[in-house]
Amino acid sequence: MIHKYNTMRVSLISLSLAGLLAACNGGKNEGFELKGQFKNTNGELIFLEKLAPKGPVVVDSTLVNENGEFEFTNYTPKIGFYRVRTTNENFAMLVLDSADRVNLSGDLKDLSSSYKATGSAETDLFVKYNSIVKHREVSLDSLQKVFMTLIEPFKMNTAKVDSISKTLQEPYSALMNAIEAEMLVLLNKNTNMYASMMGIQSLDPDKNVELYARLDAALSKKYPNDYNVNMFHQMLERSRATAIGAAAPDIKLPTPDGKEVALSSLKGKVVLIDFWASWCKPCRAEMPNVAKAYAKFKEKGFEIYGVSLDQDKEHWVEAIAKDGITWLQVGDLRPDNEFIRKYNVETIPMTFLLDRDGKIIAKNLRGEELEKKLAEIIN
């Protein structure tokens with residue numbers, strides 16, 4: 001899966017500008033403190049920024065002195081996600097609140113990997129979450145390199161490549177389970193912490209319903225007026241609407257020839273909702289598997305409701321023809337629509353499998369997994 005609309009980045013969370021500049025008190029605040037000392041400095045101008053919907057917003061700046069020391073004195077933060085930076089590529093991520101007294105250190109030439117912060121429990125927790133995610137990324141990269149090395153002599157031998165892939169599936173699963181378990185332990189201890197909104201997004205909401213609910217309830221009580229917390233709550237509500245066992249929200253969109261077809265009109269059949277686009281390479285790569293499943297089960301009550309995220313009709317229609325798509329296709333050629341939000345679509349391809357009553361029974365099944373599930377339901 002690729003094409004994230006937006007991992008320890010501020011995915012799924014929009015950050016508000018409301019009240020941002022109003023929090024600036026124009027003078028040194030006796031409660032909040034953010035200062036420290038960096039190595040490898042040369043009198044640089046550094047910036048304190050708050051993450052916002054359209055990008056980071058500068059809320060304060062200061063010069064690093066000849067000893068590498070600095071202090072921000074003109075801004076009192078409300079709880080939120082911040083960064084101290086020299087450039088857009090060189091920064092230290094922080095989670096700050098108005099009572100924090102933070103000391104920041106590190107190598108100014110490489111802040112992202114060297115910085116350390118004391119005096120902020122939220123920042124300390126954020127760094128721990130980020131460390132787990134980085135460990136996962138490094139481990140997956142290593143495993144991918146092993147896979148590519150092993151298949152190099154057998155690139156034209158599909159059976160051999162599949163065999164190697166299956167052999168590596170066990171260590172891959174073990175790695176993912178171990179990292180997830182580590183994240184779960186930390187999250188379960190911190191379900192009232194602001195930084196946990198970031199950490200929890202590496203976990204599947206469908207498999208961690210209770211944990212998401214605990215975090216949502218605790219943060220909504222602790223920060224009832226915080227924009228980020230409210231956005232997290234809304235995200236969770238949308239996720240619940242498309243949880244396993246929920247009735248799939250209806251969709252009504254036009255086909256390429258302009259005829260509107262509702263998802264609900266297919267009730268009585270087993271339906272795969274497939275969110276895709278002509279420009280999405282993983283979507284196109286999966287199409288032969290989808291076509292195979294459709295050919296095998298369409299006479300037994302299986303239908304596909306393809307929802308295109310294309311904005312160019314010509315490219316959409318061309319992809320339908322080129323990929324041999326013979327099942328129902330709909331789309332409105334807009335960059336965003338209510339159904340993307342209703343189904344919480346953040347990556348494509350994204351699929352939902354519905355039973356004959358229109359209830360969601362599985363998500364994001366691929367290849368053999370899709371055929372296996374269809375055989376289980378239909379037969």
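If you're wondering where the values come from, they're calculated on a predicted model, not measured in any experiment. FYI, side chains are in, hydrogens and waters are out, and symmetry mates aren't considered; it's all heavy atoms of this structure.
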Under 4.0 Å between a Lys/Arg side-chain N and an Asp/Glu carboxylate O for [X] and [Y]?
| X | Y | value |
| --- | --- | --- |
| Glu338 | Lys252 | no |
| Glu71 | Lys35 | no |
| Arg85 | Glu49 | yes |
| Glu369 | Lys372 | no |
| Arg334 | Asp332 | yes |
| Lys298 | Glu303 | no |
| Asp323 | Arg284 | yes |
| Lys363 | Asp206 | yes |

ILVMFWY cluster, [X] and [Y] together (side-chain gap under 4.5 Å):
| X | Y | result |
| --- | --- | --- |
| Val330 | Val317 | no |
| Leu236 | Val209 | no |
| Val138 | Leu175 | no |

Under 6.0 Å from the CD atom of Glu69, do we count more than 12 heavy atoms belonging to anything else shown?
yes
Within a reach of under 6.0 Å around NZ of Lys222, are more than 12 heavy atoms found that belong to other residues, nucleotides or ligands?
yes
Report the distance from atom [atom1] of [X] to atom [atom2] of [Y], rounding to the nearest 0.5 Å.
| X | Y | atom1 | atom2 | answer |
| --- | --- | --- | --- | --- |
| Glu260 | Ile251 | CD | CD1 | 12.5 Å |
| Phe339 | Ile273 | CZ | CD1 | 11.0 Å |
| Thr62 | Leu45 | OG1 | CG | 8.0 Å |

Holding to ring-ring contact (aromatic ring centres under 6.0 Å, His included), I want the full list of residues that pass it with Tyr305, two or more places apart in sequence or in another chain.
none
Given 3.5 Å as the limit, does a donor-acceptor pair link the side chain of [X] with the main chain of [Y], or not?
| X | Y | value |
| --- | --- | --- |
| Asn177 | Ser173 | yes |
| Thr123 | Leu94 | no |
| Glu182 | Glu180 | no |
| Asn190 | Leu187 | no |
| Ser114 | Asp107 | yes |

Looking just at side-chain N and O atoms, do Asn208 and Arg214 make a donor-acceptor pair shorter than 3.5 Å?
no
Under the criterion side chain to side chain contact (heavy atoms under 4.5 Å, CB included), I'd like the reasoning laid out for Phe275 against Phe352: C-alpha separation, chi angles, the key distance, then a yes or no.
CA-CA 9 Å; Phe275 288 93; Phe352 298 81; 3.9 Å; yes
Side chains of Asp226 and Tyr194, heavy atoms from C-beta outward: is any pair under 4.5 Å?
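Yes. Closest side-chain heavy atoms under 4.5 Å.
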Over 60° means perpendicular and under 30° means parallel, so tell me whether Phe70 and Phe38 are parallel, tilted or perpendicular.
parallel
Angle class for the Phe232/Tyr212 ring planes (parallel below 30°, perpendicular above 60°, tilted otherwise)?
parallel
My understanding is that a hydrophobic cluster links ILVMFWY residues whose side chain heavy atoms are under 4.5 Å apart, including indirect links. Using that, what else belongs to the cluster containing Trp276?
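Its cluster mates, by chain and number, are Val270, Leu272, Met287, Val290, Tyr294, Phe297, Phe302, Ile304, Trp316, Ile320, Ile325, Trp327, Leu333, Leu353, Ile361, Leu365, Leu370, Leu374, Ile377, Ile378.
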Using a 4.5 Å cut-off between side-chain heavy atoms of Ile, Leu, Val, Met, Phe, Trp and Tyr, which other residues end up in the same hydrophobic cluster as Val185?
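ILVMFWY cluster around Val185 holds nothing else.
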